[in-house]
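Remarks on the structure that follows.
What you see below is based on every heavy atom in this structure, not just the backbone, and it leaves out hydrogens, waters and symmetry mates. Since this is a predicted model, take the numbers as computed values, not measurements.
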Amino acid sequence: MSNYTVESTTVETSDGAAKLHARFFKPKEAEAKAGGGGDDLVIVLVHPFTVLGGCQALLKGMAIRLAERGYKAVTFDMRGAGRSTGRASLTGFAEIKDVIAVCKWVCENLGTRRILLVGSSAGSPIAGSSVDQIEEVVGYASIGYPFGMLASVLFGRHHKAILQSTKPKLFIMGTQDGFTSVKQLQNKLKSAAGRVETHLIEGASHFQMEGPAYDAQMANLILTFAASL
């Protein structure tokens with residue numbers, strides 16, 4: 001018998017352009033208490049690039065592990081992904097409204113004033129641009145932020161928002177990322193404000209880290225960071 005439950009809901013965006021399918025991974029009461037800081041913090045996960053097939057299903061393994069450790073976790077399909085309506089954008093700016101809408105739903109329905117935003121791949125710039133637009137966000141974690149030259153054609157205009165935010169930030173990346181080199185990551189983060197942490201995973205590629213083999217490691221890194229907020 002699992003020590004978490006999953007509930008589904010639909011969240012409408014403020015612009016009325018999409019109805020988003022979301023899932024709430026809820027720890028059983030005993031797990032929530034054992035998890036310590038998990039009681040009031042909700043972890044909202046933002047999936048990879050919809051245009052390349054990204055959807056909330058990719059984050060299920062991580063969300064389950066977070067719930068099993070006592071933290072409430074929420075995943076959702078951004079506009080045009082999975083069972084959500086609307087059309088995906090190429091640059092991820094429309095999707096910022098999706099993140100804001102889901103975080104608003106979390107605050108209104110899960111009784112929290114503290115959210116940790118986690119972005120995976122292209123979900124990282126989208127989540128990063130949302131951080132300072134949501135008062136309740138107290139921290140940000142990124143898995144494979146696409147800072148590299150080619151990815152910056154699409155996502156470059158998102159960089160400034162997260163680098164200028166003073167909220168605590170964690171950047172997780174594989175040393176063989178493919179989109180962003182370790183040097184590019186380090187150079188970008190030189191200008192970052194506030195508390196910044198990095199965690200490099202030796203030999204891991206960008207798409208490997210999106211896969212289930214890394215779910216447990218990603219969840220552990222997120223949990224350690226969450227406990228520090």
Hey, is the main chain of [Y] close enough, under 3.5 Å, to the side chain of [X] for a donor-acceptor pair?
X: Arg114; Y: Leu229; result: yes
X: Asp40; Y: Thr112; result: no
X: Thr85; Y: Lys19; result: yes
X: Lys167; Y: Val131; result: yes
X: Ser2; Y: Tyr4; result: yes
X: Glu95; Y: Ser89; result: yes
X: Lys169; Y: Ala193; result: yes
X: Ser142; Y: Gly119; result: no

Look up atom [atom1] in [X] and atom [atom2] in [Y], then write down how far apart they are to the nearest 0.5 Å.
X: Met209; Y: Gln176; atom1: CE; atom2: CD; result: 12.0 Å
X: Asn3; Y: Lys28; atom1: CG; atom2: NZ; result: 7.0 Å
X: Leu223; Y: Ile43; atom1: CG; atom2: CD1; result: 6.0 Å
X: Leu59; Y: Ile143; atom1: CG; atom2: CD1; result: 7.5 Å
X: Gln184; Y: Leu189; atom1: CD; atom2: CG; result: 11.5 Å
X: Ser84; Y: His21; atom1: OG; atom2: NE2; result: 7.5 Å

State, with a plain yes or no, whether a side-chain heavy atom of [X] is found less than 4.5 Å away from one of [Y].
X: Phe179; Y: Phe207; answer: yes
X: Met78; Y: Val46; answer: yes
X: Pro27; Y: Lys72; answer: yes
X: Val138; Y: Leu41; answer: yes
X: Met62; Y: Phe25; answer: no
X: Phe171; Y: Phe147; answer: yes
X: Leu170; Y: Thr224; answer: no
X: Val11; Y: Phe76; answer: no

Walk me through whether Ile201 and Met218 qualify under side chain to side chain contact (heavy atoms under 4.5 Å, CB included). CA-CA 10 Å; Ile201 302 196; Met218 295 301 111; 3.1 Å; yes
Is it true that [X] and [Y] fall in one hydrophobic cluster, defined by side-chain heavy atoms closer than 4.5 Å?
X: Phe49; Y: Leu45; answer: no
X: Leu163; Y: Met149; answer: no
X: Ile96; Y: Val102; answer: yes
X: Leu52; Y: Leu90; answer: yes
X: Val182; Y: Val196; answer: yes

Give me the atom names and distance for the closest heavy-atom approach of [X] to [Y].
X: His158; Y: Ser129; value: ND1-OG, 2.7 Å
X: Ile134; Y: Cys103; value: CD1-SG, 3.8 Å
X: Pro125; Y: Pro146; value: CD-CD, 3.6 Å
X: Ser152; Y: His159; value: OG-CE1, 3.2 Å
X: Lys188; Y: Ser191; value: O-OG, 3.1 Å
X: Lys26; Y: Glu7; value: CD-OE2, 4.0 Å

Between Tyr214 and Gln208, is a side chain to side chain contact (heavy atoms under 4.5 Å, CB included) present by the stated rule, with each step listed? CA-CA 7 Å; Tyr214 282 85; Gln208 268 183 314; 4.0 Å; yes
Do Arg65 and Asn220 have side-chain N/O donor and acceptor atoms under 3.5 Å apart?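 No, no side-chain donor-acceptor contact under 3.5 Å.
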Report yes or no: do Ser228 and Arg195 form a side-chain donor-acceptor pair below 3.5 Å?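 Arg195 and Ser228 do have a side-chain donor-acceptor pair below 3.5 Å.
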Just one of Leu117, Ile100, Asp132 clears the side-chain contact (heavy atoms from CB on, under 4.5 Å) bar with Val137, so which one?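 The side-chain contact (heavy atoms from CB on, under 4.5 Å) with Val137 is passed solely by Leu117 among Leu117, Ile100, Asp132.
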Are more than 12 heavy atoms, taken from residues, nucleotides or ligands other than Leu150, located less than 6.0 Å from that residue's CG atom?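 Not buried by this count: 12 neighbours or fewer within 6.0 Å.
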More than 12 heavy atoms of other residues, nucleotides or ligands under 6.0 Å from NZ of Lys60: yes or no?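 For Lys60, atom NZ is not crowded (no more than 12 foreign heavy atoms under 6.0 Å).
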Candidate pair Ser124 and Tyr140, rule side chain to side chain contact (heavy atoms under 4.5 Å, CB included), full reasoning: CA-CA 9 Å; Ser124 297; Tyr140 164 86; 3.6 Å; yes
Determine whether Tyr145 and Ile162 satisfy the following criterion, side chain to side chain contact (heavy atoms under 4.5 Å, CB included), listing intermediate values before the conclusion. CA-CA 11 Å; Tyr145 194 118; Ile162 191 57; 4.0 Å; yes
